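Since the structure comes first, as structure tokens, the remarks are kept for the end.
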2 protein chains.
Amino acid sequence: MDNTEITIHDIAEILGINSSTVSRALNNSSRVAQKTKDKILKKATELGYQRNHLASNLRKRKTFTIGVIVPRISRHFFSSAIAGIEETAFKAGYNVIICQSLESLEREKSIIDTLLANRVDGVLISISMETKNYDHLKGLKQRKIPFVFFDRHCDIAENSKVVIDDFNAAFTAVEHLIEKNSTNIAHFSGPQNLEIYKNRFKGYKAALEKHKIPFREELVVSSSLMEKDGAQNVQKILALPYKIDGLFCANDVVAIGAIQYLRKIKIRVPEDIAIVGFSNETISSVIEPALTTINQSGMQIGEAATNLLLAKISNENKKQIHETIIVKTNLIERKSTLR
Amino acid sequence: MDNTEITIHDIAEILGINSSTVSRALNNSSRVAQKTKDKILKKATELGYQRNHLASNLRKRKTFTIGVIVPRISRHFFSSAIAGIEETAFKAGYNVIICQSLESLEREKSIIDTLLANRVDGVLISISMETKNYDHLKGLKQRKIPFVFFDRHCDIAENSKVVIDDFNAAFTAVEHLIEKNSTNIAHFSGPQNLEIYKNRFKGYKAALEKHKIPFREELVVSSSLMEKDGAQNVQKILALPYKIDGLFCANDVVAIGAIQYLRKIKIRVPEDIAIVGFSNETISSVIEPALTTINQSGMQIGEAATNLLLAKISNENKKQIHETIIVKTNLIERKSTLR
DNA sequence: CTGTTAGCGCTTTCAA
DNA sequence: TTGAAAGCGCTAACAG
């Protein structure tokens, strides 16, 4: 009468056999006669049986679930990474629990607790802006839950990560600007506790150095990666007593904000100020055809990270893998198609 | 020596008490002395105990997990909806399993099976483009798993949904174009098995009718919601023997494709052709300042859908709720800020 | 090839 | 206020 679900015992009883045989049949074990298997499978579908993964997982001490922690799902880079993760995981028979830290360390901690309590088999994480202390990650290590950083990583010992070639991408970007005759090149950076922004900054400096352009502190503006920061940053560099003719933007959202503001105040891109910014599939085609972008495929990063994590999961007993996968980016220059 | 996790029995044994008392204490039951509670909690944190939700859920027949099915995570509308869902669910102590159907009915079915097997407490679903048959949803009904449609719904009996005011939004959009002196107004539509596109189409027709503009079949171009469709659709309407001066686009991705193509062939928006398109928070500000948009907040829809679902979940035993929540959209006109 | 048995870690009666 | 015992649904020895 109630919400009674069909169990293997029900099937066993009806068929007059033992429930373990049913279990084996349902798992397609070779240790069950084909005839019995057929009978069981038939009855199972007839009754609308559906395996209870909770019970199965509890017994097997494995959940076929991976946890994913991102700062914010709606950021295009992360949503496309998640798309890649989900797809790869789905193919391998894994579920994905998605959580967003909303850039808060507190939340990140609490999420990790939840994931641990749910006994996920592994974790993919892109750390929050606030995360400067990594004790909560040690919890994962202690519990021997494999985890892989993607995009926003941090430099703790013995970890795996999937990142883009930040330094080189930045270097190429700035060199590109220099070749386009920019000399006063500003850099819109991100939080310096995040390795990716540190490395992009280093790439910026290295390119200047190579081309004997003096580095100026005031041309580097950091921010908290919001769209409004783009506008504010532009104001800051425009207030300088000399003309800025190039801009290397380390974050797509900030780039969007910057470009919108530049449009508003009628400064032309790339004629008045040439810009190179990090971006990704969709945004880059939409954002501004005149913007040269460093394309990073979220999908690809998600896929790579998931594959690496799955490898670590199935490898558990053997020696640990501590791998760094670098996903290549590429510079795409667009001719302005604006009238 | 192995990956031995701390259980309530470990705590009980150490403290020389019974595991059920530990369980009660950890659940903050009033039926255990404060002194014992303190002792237990202290020992638990000391040992780094973490409740095994699998076991707990199995016993309680409840998972505090909701399943979410969307066509594609990386679509901005869906990723912002998911952001809203995750946030609302997280607050209520629920986990979220995200799945993408990739617009395939087959996958949608298989996902529902997985979610059932995982004993999710409820499901939020935005159906795929291919979904014209709803038998797989009946499975949810039979199992009494509450589910709520959001955005892309279908008209099966007794269901709950959170949608936007498609008809009115479309009507307003087209009326807006008419007021801007467009008379030959094209409509880029979507799959007509999806109610939302049906209703947007109806709104388009109604507005024309009200203003005594004859409806012309050839001005309506449907598509499979890809960016490339935007370009193709534009080609189709430009091939018509008269000038199109208005366009109502029922899908943001198609709108993006259309605008890019128009730019490429040097047709000015909105001077040569006025456009109103559905859009959402981020995209709308980026896509094209000259485009008037119907803004739909994915976040808000996700939040509303989750709240409705949670209400249904906790209401399980009592009478069913079959509610339709309509989230209002608003038309945002932008002045072109392009040079 | 199939059955018996024990138990994954937790909650929840029932009894004391 | 605590303990004893049963069992959620499944799997995995171990027997036979």
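Each chain gets a letter, A, B and so on, in the order the sequences are listed, and its residues count up from 1. Computed from a predicted structure; not experimentally measured.
- Residue whose closest nucleotide on DNA chain D sits further toward the 5' end, between R31(A) and L26(A): L26(A).
- For the contact set between residues 16-23 of chain B and DNA chain C, defined by any heavy atom under 4.0 Å, the members are S20(B), S23(B).
- Side-chain atoms of T88(B) and N307(B), non-hydrogen and from C-beta on, do get closer than 4.5 Å to each other.
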- [ ] Take T324(A) and H153(A) through the test side-chain contact (heavy atoms from CB on, under 4.5 Å) and record every step on the way to the result.
- [x] CA-CA 11 Å; T324(A) 296; H153(A) 57 285; over 6 Å; no
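- Once you apply a 4.0 Å limit to the heavy atoms of chain B, the touched nucleotides of DNA chain C run 5' to 3' over dG9(C) to dC14(C).
- Taking the charged nitrogens against the carboxylate oxygens, E86(A) and R107(B) do have a contact shorter than 4.0 Å, which makes a salt bridge.
- For E195(B), the side-chain hydrogen bond (donor to acceptor under 3.5 Å, both in side chains) partners are K198(B), not counting sequence neighbours.
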May I have the list of side-chain donor-acceptor pairs in residues 38-47 of chain A shorter than 3.5 Å, sequence neighbours left out?
{"from": "D38(A)", "atom 1": "OD1", "to": "Q34(A)", "atom 2": "NE2", "distance (Å)": "3.0"}
{"from": "K43(A)", "atom 1": "NZ", "to": "E46(A)", "atom 2": "OE2", "distance (Å)": "3.3"}
{"from": "T45(A)", "atom 1": "OG1", "to": "L41(A)", "atom 2": "O", "distance (Å)": "3.0"}
{"from": "T45(A)", "atom 1": "OG1", "to": "K42(A)", "atom 2": "O", "distance (Å)": "2.9"}

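- Residue K132(A) places its NZ atom among 12 or fewer non-hydrogen atoms of other residues, nucleotides or ligands, all under 6.0 Å distant.
- Listed by first and then second residue, the ring pair (Phe, Tyr, Trp, His ring centres under 6.0 Å) pairs involving residues 44-69 of chain B are F64(B)-Y94(B) (not counting sequence neighbours).
- In the 5' to 3' direction, nucleotides of DNA chain D lying under 4.0 Å from heavy atoms of chain B begin and end at dT1(D) to dG9(D).
- In the helix from dC1(C)-dG16(D) to dA16(C)-dT1(D), the terminal helix axes, each the rotation mapping four pairs' C1' atoms onto the next four within five end pairs, subtend 30°, rounded to 10°.
- Residues V32(B) and I6(A) each lie close to DNA chain D; by heavy-atom proximity, the contact nearer the 5' end of the strand is made by V32(B).
- Counting any heavy atom pair closer than 4.0 Å across all strands shown, N57(B) reaches no nucleic acid atom.
- For D151(B), there are no side-chain hydrogen bond (donor to acceptor under 3.5 Å, both in side chains) partners two or more places apart in sequence or in a different chain.
- A heavy-atom distance below 4.0 Å to DNA chain D is reached by these residues of residues 36-55 of chain B, ordered by number: T36(B).
- In this structure N118(A) satisfies the side-chain hydrogen bond (donor to acceptor under 3.5 Å, both in side chains) test together with N95(B), sequence neighbours excluded.
- Taking the charged nitrogens against the carboxylate oxygens, R152(B) and E103(B) do have a contact shorter than 4.0 Å, which makes a salt bridge.
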Taking only distance into account, with no hydrogens and no angle test, what donor-acceptor pairs under 3.5 Å do side-chain atoms of residues 14-22 of chain A form with protein atoms, sequence neighbours excluded?
{"from": "N18(A)", "atom 1": "OD1", "to": "S20(A)", "atom 2": "N", "distance (Å)": "2.8"}
{"from": "N18(A)", "atom 1": "OD1", "to": "S20(A)", "atom 2": "OG", "distance (Å)": "2.5"}

Open item on the list: Is there a side-chain contact (heavy atoms from CB on, under 4.5 Å) between L137(B) and I112(B)? Walk through the geometry before answering.
Closed with: CA-CA 8 Å; L137(B) 299 176; I112(B) 288 187; 3.7 Å; yes
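- With a 4.5 Å cut-off on side-chain heavy atoms, I66(A) and V123(A) do not count as touching.
- At least one donor-acceptor pair under 3.5 Å links the side chain of K37(A) to the backbone N or O of S29(A).
- A search for ring pair (Phe, Tyr, Trp, His ring centres under 6.0 Å) contacts involving F147(A) returns F149(A), not counting sequence neighbours.
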